[in-house]
Each structure stands twice: as structure tokens, then as C-alpha cells.
Amino acid sequence: MKAAEIRALSAQELNKKLADLKTELFNLRFQHAVNQLDNPLRLNEVKKDIARVKTILKEKELENK
């Protein structure tokens, strides 16, 4: 997911996206633990997406102050 796509979302949508990404990361870690993970690179992608969403949420929060 690109930063421009994330910036277009509202704060509520970002919070929902963050929760979805955290759930996905949990599931990927579980699959990795039981050796059923097809694409191990997806772990890093999801972690980076979480960081992007958190960064943009913080930017929006500082913007509103």
C-alpha cells in the first residue's frame, strides 16, 4: 500500500485499516510458527504498512492541534 493511498483515507478508516493489518500480522506469524507460511516476505510488507498507517495517523493528529 502506498503512502498516497493511505493519506486519502479518513482517521476512522485508518484505524480500521490498522486493526486489519495487525490481525493479518498475527495470522501470518501463527502460520510462520507452524511452517505453513507461503510467502515469508509478506511479514515485512505488513509490518511496513502498519508503520505507514501509524505515521500518517500521527501526522493527522498533529495537523489538528
Side-chain angles (χ1 to χ4, degrees):
M1 184 168 233
K2 304 245 184 215
E5 296 171 0
I6 298 171
R7 281 194 171 89
L9 301 174
S10 70
Q12 283 183 330
E13 291 170 328
L14 286 173
N15 286 323
K16 171 101 172 76
K17 185 72 174 169
L18 183 60
D20 292 343
L21 287 169
K22 285 184 177 183
T23 303
E24 182 179 357
L25 182 61
F26 173 79
N27 291 331
L28 289 171
R29 283 182 175 159
F30 187 79
Q31 288 176 1
H32 184 65
V34 295
N35 293 324
Q36 293 183 349
L37 187 59
D38 295 331
N39 184 6
L41 296 177
R42 183 71 182 137
L43 281 167
N44 288 337
E45 292 172 9
V46 172
K47 287 180 188 177
K48 288 180 182 182
D49 283 344
I50 289 172
R52 284 186 192 105
V53 169
K54 284 185 172 183
T55 300
I56 293 171
L57 271 171
K58 185 67 173 179
E59 286 175 0
K60 288 186 180 226
E61 179 184 315
L62 293 174
E63 225 176 60
N64 292 334
K65 284 189 176 183

Which donor-acceptor pairs under 3.5 Å do side chains of residues 26-38 form with protein atoms, sequence neighbours excluded?
from	atom 1	to	atom 2	distance (Å)
Asn27	ND2	Thr23	O	3.3

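- Annotation: side-chain contact (heavy atoms from CB on, under 4.5 Å) contacts of Glu63 (sequence neighbours excluded): none.
- In this structure, the side chains of Lys54 and Leu57 stay at 4.5 Å or more apart for every pair of heavy atoms.
- Asp20 pairs in a salt bridge (Lys or Arg N to Asp or Glu O under 4.0 Å) with only one of the listed residues (Lys16, Lys22, Lys17), which is Lys16.
- Remark: Glu45 engages Arg42 in a salt bridge, criterion side-chain N to carboxylate O under 4.0 Å.
- When all heavy atoms of Leu9 and Glu13 are compared, the closest pair comes out as CA-OE1, 3.4 Å.
- In this structure, OG1 in Thr55 is found 9.0 Å from CD1 in Ile6, a value given to the nearest 0.5 Å.
- For Lys60, the side-chain contact (heavy atoms from CB on, under 4.5 Å) partners two or more places apart in sequence, or in a different chain, are Leu14, Ile56.
- For Gln12, the CD atom is loosely surrounded, since the number of other residues' heavy atoms within 6.0 Å does not exceed 12.
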